[in-house]
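Sequence lines set the chain letters: A, B, ... in the order given, protein chains first and strands last, and positions in each chain run from 1.
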Amino acid sequence: MKKITAVVKPFRVDEVKEALKGAGVAGMTVSEVQGFGRQAGHTEVYRGAEYTVDFVPKVKFEVIVDDAEVQGIVDAIVTSAKTGKIGDGKIWVTSVDELIRIRTGELGTDAI
Amino acid sequence: MKKITAVVKPFRVDEVKEALKGAGVAGMTVSEVQGFGRQAGHTEVYRGAEYTVDFVPKVKFEVIVDDAEVQGIVDAIVTSAKTGKIGDGKIWVTSVDELIRIRTGELGTDAI
Amino acid sequence: MKKITAVVKPFRVDEVKEALKGAGVAGMTVSEVQGFGRQAGHTEVYRGAEYTVDFVPKVKFEVIVDDAEVQGIVDAIVTSAKTGKIGDGKIWVTSVDELIRIRTGELGTDAI
Amino acid sequence: MDSGNIAWVLISTALVLFMTPGLAFFYGGMVRSKNFLAMLMQNYFAMGLLAVLWVLFGASIAFGNLGDGGWFGGFDFAGFQDITINSKQFAAFTGGIPDPLFLAFQMTFAIITPALITGATADRLKFAGYAVLIGVWLLVVYSPVAHWAFGGGWIAEMGAFDFAGGLVVHINAGAAALAVLLVIGARKGHGKEPMAPHALPWTLLGTGILWFGWIGFNAGSALAANAIAAQALLNTIIAPAAAMLGWLLVEKLKGKHVTTLGAASGAVAGMVAITPCAGFVGTGPSLIIGFLAGIICYLALFIKEAAKLDDALDVIAVHLVGGIFGSIALGLFADSAVNEIIPDGLFLGGGSDLLVDQIVAVAAVFAFALVATYIIAKAIDMTIGLRVDEETEDIGLDQALHAETAYNNL
Amino acid sequence: MDSGNIAWVLISTALVLFMTPGLAFFYGGMVRSKNFLAMLMQNYFAMGLLAVLWVLFGASIAFGNLGDGGWFGGFDFAGFQDITINSKQFAAFTGGIPDPLFLAFQMTFAIITPALITGATADRLKFAGYAVLIGVWLLVVYSPVAHWAFGGGWIAEMGAFDFAGGLVVHINAGAAALAVLLVIGARKGHGKEPMAPHALPWTLLGTGILWFGWIGFNAGSALAANAIAAQALLNTIIAPAAAMLGWLLVEKLKGKHVTTLGAASGAVAGMVAITPCAGFVGTGPSLIIGFLAGIICYLALFIKEAAKLDDALDVIAVHLVGGIFGSIALGLFADSAVNEIIPDGLFLGGGSDLLVDQIVAVAAVFAFALVATYIIAKAIDMTIGLRVDEETEDIGLDQALHAETAYNNL
Amino acid sequence: MDSGNIAWVLISTALVLFMTPGLAFFYGGMVRSKNFLAMLMQNYFAMGLLAVLWVLFGASIAFGNLGDGGWFGGFDFAGFQDITINSKQFAAFTGGIPDPLFLAFQMTFAIITPALITGATADRLKFAGYAVLIGVWLLVVYSPVAHWAFGGGWIAEMGAFDFAGGLVVHINAGAAALAVLLVIGARKGHGKEPMAPHALPWTLLGTGILWFGWIGFNAGSALAANAIAAQALLNTIIAPAAAMLGWLLVEKLKGKHVTTLGAASGAVAGMVAITPCAGFVGTGPSLIIGFLAGIICYLALFIKEAAKLDDALDVIAVHLVGGIFGSIALGLFADSAVNEIIPDGLFLGGGSDLLVDQIVAVAAVFAFALVATYIIAKAIDMTIGLRVDEETEDIGLDQALHAETAYNNL
Ligand SMILES: Nc1ncnc2c1ncn2[C@@H]1O[C@H](COP(=O)(O)OP(=O)(O)O)[C@@H](O)[C@H]1O
Ligand SMILES: Nc1ncnc2c1ncn2[C@@H]1O[C@H](COP(=O)(O)OP(=O)(O)O)[C@@H](O)[C@H]1O
Ligand SMILES: Nc1ncnc2c1ncn2[C@@H]1O[C@H](COP(=O)(O)OP(=O)(O)O)[C@@H](O)[C@H]1O
């Protein structure tokens, strides 16, 4: 099994979620994060003083999938998250040794 | 070393934490996440309009442990997090190449 | 590629970010977490009742880097995050199978 | 000069002033967090800009040529010329409170009315366009309409009544909101994304402040600390209360849940509907008007669906419909025993004269505000622009327009 | 009719109305975030339901048969029958403010008193059960007790005093809270999980609003803008101030930390304790009563431990104990030089008569409210149910009961 | 005794009391979240401690020896001795409102003035040191200065004026803030880390409360519900409004963005500047004073840069500079037609006498407050300590000092 992690722009969350559902994903875990990257941070103003905020709000998706499905899901995320502008985010894939469904104790791909 | 990640129901946080302590875990990192899965989201009402909230609040535990301890800790989480109802969450196990304790520079299992 | 995850004290966030930039890191993803560990939690008071808060606010950095850069970056984090007091946090390194830049579809180290 | 009356109008002015921050939070809790500060900004900025414009021109347009039965108050009092602590320009009309106080009290109405529009247009107004919009609107729409009904203009002369602003405030702002919506269109993602309120506690706080301030709005409009003010105050508590019950009842009948936002919305609907009636109707009618307002404004939520309008925070259902309902209800329930200046309404045996006048006034204000605002909004949209671009909408107005973020936890 | 007095009672009514939103946030900040909206809902809903019920029956039960020395005001004024802007049903009693104003002022007390109970029962009340509870309670407990003490009933005739509601509001609600707790039991997880306040800033905001509104509550109870109101206002600032110091002092002596919640709780304890005394005691006694209230209410926190009651937000320690302390302290510190209608208390050389009357009144209100509320709550619990099921408690009331979430950041 | 005047001062007292919670949130929204509760605590604690100290000594120091043209009011009224509901110690001076009311009204000024300092010293004060600081400061600095200007002391006798506290409140607190900054130094990380406001909505809420309360502050200072109060109220709306526009204009000219915090800061700058002038100047001058205050206070932000002072929330730019500007502007715009007790200012043909007196008074209050506060702060710092250690600053004051956390979501 693999874990696909995607960091995307917040206003794309709905699209990405729908795309994942469309790609047959049965579950995912999402969290708010702050990103730093090529996308320059923005300037904020505090009583006349300008300062740069390096971190940009992003949303992180984590999806555990069967090895066979990785490519399709990555593609689904790319398609739904892409605006073409800097800061669209990253996807990374890592290996998962074991997965357990707490409710049933099922293991491995059965637990997905 | 392995990293055990568990996504559980928020009102089980205390039980899981105590179970982890009980299982001899010396440290863990916890965060708020939103989950999507078999557990249907709930309906919210906004001025007469009903809409489905797909995401359900969950809490994510991350614990790095020695390989030998994985099974015991997974069991401890399962026991403490299980309500038997859909949405109890997942546990997944991944491999950790290296661990460093920032304070001392200790490496590997010494750093746990 | 490797993913370096670091859990550090919140008031070190700026230092760590600058150290990472200094070490040539082009991107990172950051989130708020709660830590439990050797650093005892603190006592809070609620209308005369004292209770222990086990979790301590921490900030988590995730950085994906080329294998060759791991050591330098770990060192940069250690240096910038270290106060020498308990609770300075951990760094762990895991393997990344694949990385995709959503905007361009670039893969692997090109996507970093 | 009666010090008790002055004390009451002084504090009422403060109360109505406080309503605009209340409105800011009432609305602000319902928008997405990336647009929260922009909503607050629009409302607070109304306090800055409109107070100044009121002194310069608005007050004169509204209350010059007092009681002329006409359309426009002129510029005699522009810049508060001839308004001093000893002047008596409005004494006959106001029962003797000092001129600066009367105009200050009215100023607070002139501030909150344009601000009401921001609920409809949430999340997509350009700041500069908004600033021009409310400035022009104050002078071209609000102040004339205030003259018609509050300043003894043609509506007052015709025989229609408006105790504290059913016509001048709620229908006026509601129709304006509708007009601006026709110009700017829907939020990006409207109908596809849920756009849930980001933090209802702010909305509830705003509701509490609004209710509190509305006592000054309605009971203060008696311009005296007397029994009419007392009745207006009572009505301003019980009509919103009954409206809350009405709204929640429909919620319960329709779905499974009664909601916090429903309680808040119902209460505000009741405040709106009782506004034109507050010092003109008795206790029983107040309960009825309130209760019906809660039901009617709830049902009016369907209008935006039907008309495919993205009235983000339901200014049409609550202010336009609530204001129309209250203004017409006055034709039914007006009670000369409560206030001798008004004839009895239809249900109190006074015949349909008042009712007809009320309907004419409602139609006139609605039509005028709709058309005039549409022209103003369209002109702004075609010149400096009234709506932000897509990228700004994506990022959020707070960061893009104001270089600020509402919540900074890291 | 004195316009200054009317102005003061008008604004005092608005101030007390504003206290219920204040209370909602005072409590709301202390609950867990999953139950925040439900707490707000309970309090705002009280404004809706109880205002209407007050008009329909409550006011008549409380203030009918004024000064009869009896138990129940009857239904003569049900639906505000015979209460008009010109009626003088209460004029002799109120010093001449309009009848609708007097009943509106009292209405705001009738709203907040049942709402006080929600602090004890936080996080576990079924909404329907709650609605019935406060509705019935208003008519069966609050209004009669208000008659006894405020409406010239037997307590007043006996010679006990209650300036603004030590008996009628705080002991009454406190005893009711205790009774409801006996019926519904503890929150799931009580004693095991910490259940820390989810956001104290809301609690502090609520404290500020409460303190502000309490000026109207206490000084407004003079029903006139006179020197007694002035003294009541002064006392309502300094007693809470001294109580804050008292509470923080004990905190400091007991532990290492003085807390924000301690400052807020101490201040509220002082407000409670000075309520029955506000227009009856001088400046020095106010400081003493406040300071002692801060200490006593802090120490009273142990009661819930001892009695194994899950009084979630300490209604017993603050309102019940604070109300008892204040009501009895009046028997000690009452000062006929401050207010000629009261005899001197024990410490001012007036003997123990007043003190005894105060104690009898305290005991009677406590016992009646406890028993009557227990019966009501038990009956509701056995029929439609007063407490949610475990799953609802786990998920949180906001989502389960109201289909809403307080904070939506994603 | 005029009930209308009493009603107005009663409610004004409540309004000013409410300002301190408002200030707490105005400041609290700007600090980092780990220090939010500590900021609230400092402000609420001021309500506790200073109310009590005012009764014990402060009021007597300020208003004893009324009109003596001197420096110190003495201890005749310590503990409110001889202040009763019937006493007439201040009647000639106050126009007849009850003594306890006058001192209660003034108490609310004595509470908020020391609290203003907390904006400068945010995020680094030891709580015990702070408590001693404001307690001593009240008695040694505030109360004497209040005597000089409000209590008929030497400043009043000299012929300088201060309607509601330009000298006594804003310059006084601003100079004190500067002095304390010289003792405690900058926040850890100042100039390196951004330290963005953690949640501006609280700041905006605080702004709304402050503006609302400021009506009582300024118009209440007329001590009567009359036309002067009316003008003061009007000025307290329009000067902040114009100041908001002034501040935002400079923002726009300097950068690209107008900010929510700018709107709030500008408004507060206008409130500060109009405070000494409120009941002494006409409508036009108010607009001018406000507009200039917005610009000047914005430009004064550079002072802290230049002087390398970490004035965290800009007490110097807003209160010190705003207070100086307003106090001097009074010498230019004072209008005897608005208030006969003041001579015309320079621009109204009254010559430079008043202007010179105003400048002397400004200089005297500034110098005295600076020096006296420096000595007090230094003494505290050298004994019990005024500043927390580095670790406390890192962790945050909330947890370290008060064992509490503002937001608990887990
Ligand atoms: N090396 C990295 N490790 C972890 N996260 C990264 C890394 N680089 C970028 N990110 C995440 O991806 C987001 C987008 O990256 P950015 O460089 O701004 O744009 P793009 O992906 O379009 O080149 C960042 O905000 C950050 O959250
Ligand atoms: N494939 C997945 N990848 C990542 N997280 C998942 C996945 N499936 C489920 N989850 C997480 O586990 C939670 C519970 O899953 P769900 O399917 O609702 O119930 P159950 O685990 O009982 O079958 C989800 O809310 C989500 O956070
Ligand atoms: N085994 C672990 N797995 C995951 N995170 C851990 C683990 N041990 C510690 N942590 C994280 O590291 C932080 C610091 O650990 P702690 O034991 O308190 O101090 P130190 O690292 O100085 O020994 C913790 O707050 C927690 O977030």
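- The nearest pair of heavy atoms linking D:A241 to E:A51 is CB-CB, 3.5 Å.
- If you take CG on D:L234 and CG on E:L103, they are separated by 8.0 Å, rounding to the nearest 0.5 Å.
- Looking at E:A24, neither its backbone nor its side chain comes within 4.5 Å of chain D, counting heavy atoms on both sides.
- Applying the side chain to side chain contact (heavy atoms under 4.5 Å, CB included) criterion to D:A334, with sequence neighbours excluded, gives D:L330, D:I342, D:L354.
- Relative orientation of the E:F212 and D:F212 rings is perpendicular, given thresholds of 30° and 60° on the angle between their planes.
- The contact between E:L56 and chain D is made entirely by side chain atoms (from C-beta outward), counting heavy-atom distances below 4.5 Å.
- Ranked by non-hydrogen atom pairs under 4.5 Å with chain D, the options E:L10, E:I97, E:L101 are led by E:L10.
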Dump the table of donor-acceptor contacts under 3.5 Å between chain D and chain E, or return none if there are none.
from   : atom 1 : to     : atom 2 : distance (Å)
D:D2   : OD1    : E:S3   : OG     : 2.4
D:D2   : OD2    : E:S3   : OG     : 3.1
D:G4   : N      : E:S3   : OG     : 3.4
D:P197 : O      : E:N408 : ND2    : 2.9
D:H198 : O      : E:N408 : N      : 2.9
D:L200 : N      : E:A406 : O      : 3.4
D:L204 : O      : E:Y44  : OH     : 2.5
D:H257 : ND1    : E:L401 : O      : 3.0
D:V258 : O      : E:H402 : ND1    : 2.8
D:T260 : N      : E:E404 : OE1    : 2.7
D:T260 : OG1    : E:E404 : OE1    : 2.5
D:L261 : N      : E:E404 : OE2    : 3.1

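- Residues passing the ring-ring contact (aromatic ring centres under 6.0 Å, His included) test with D:F26, sequence neighbours excluded: none.
- Residue with the most contacts toward chain E among D:L205, D:I11, D:L261, D:V338: D:L205 (heavy-atom pairs, distance under 4.5 Å).
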Full working for side-chain contact (heavy atoms from CB on, under 4.5 Å) between E:M41 and D:L204: CA-CA 9 Å; E:M41 182 67 176; D:L204 272 282; over 6 Å; no

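- When each of E:G22, E:A403, E:P21 is checked for heavy-atom pairs under 4.5 Å with chain D, E:A403 comes out on top.
- Scanning both residues, D:P201 and E:A406, for their nearest heavy atoms gives CD-O, 3.4 Å.
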Residues D:L248, E:F45; criterion side-chain contact (heavy atoms from CB on, under 4.5 Å); working and verdict: CA-CA 10 Å; D:L248 294 178; E:F45 181 74; 3.6 Å; yes

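- For E:I209, the part lying near chain D is the side chain, with the backbone staying farther off; criterion is any non-hydrogen pair under 4.5 Å.
- Per-residue heavy-atom pair counts under 4.5 Å with chain E were compared for D:L233, D:L15, D:I238, D:I6, and the maximum is reached by D:L233.
- With a 4.5 angstrom heavy-atom cutoff, E:L401 touches chain D only via backbone atoms.
- Counting heavy atoms from C-beta outward, E:V52 and D:L245 have side chains that approach closer than 4.5 Å.
- Take E:V132 and apply the side chain to side chain contact (heavy atoms under 4.5 Å, CB included) test, not counting sequence neighbours, and it matches E:V136, E:I380, E:I384.
- The line from CZ of E:F80 to CG of D:L287 is 9.0 Å long, rounded to the nearest 0.5 Å.
- Neither the backbone nor the side chain of D:A267 comes within less than 4.5 Å of any heavy atom of chain E.
- Of all the listed residues (D:A225, D:A264, D:A243, D:A263), the one sharing the greatest number of non-hydrogen pairs under 4.5 Å with chain E is D:A225.
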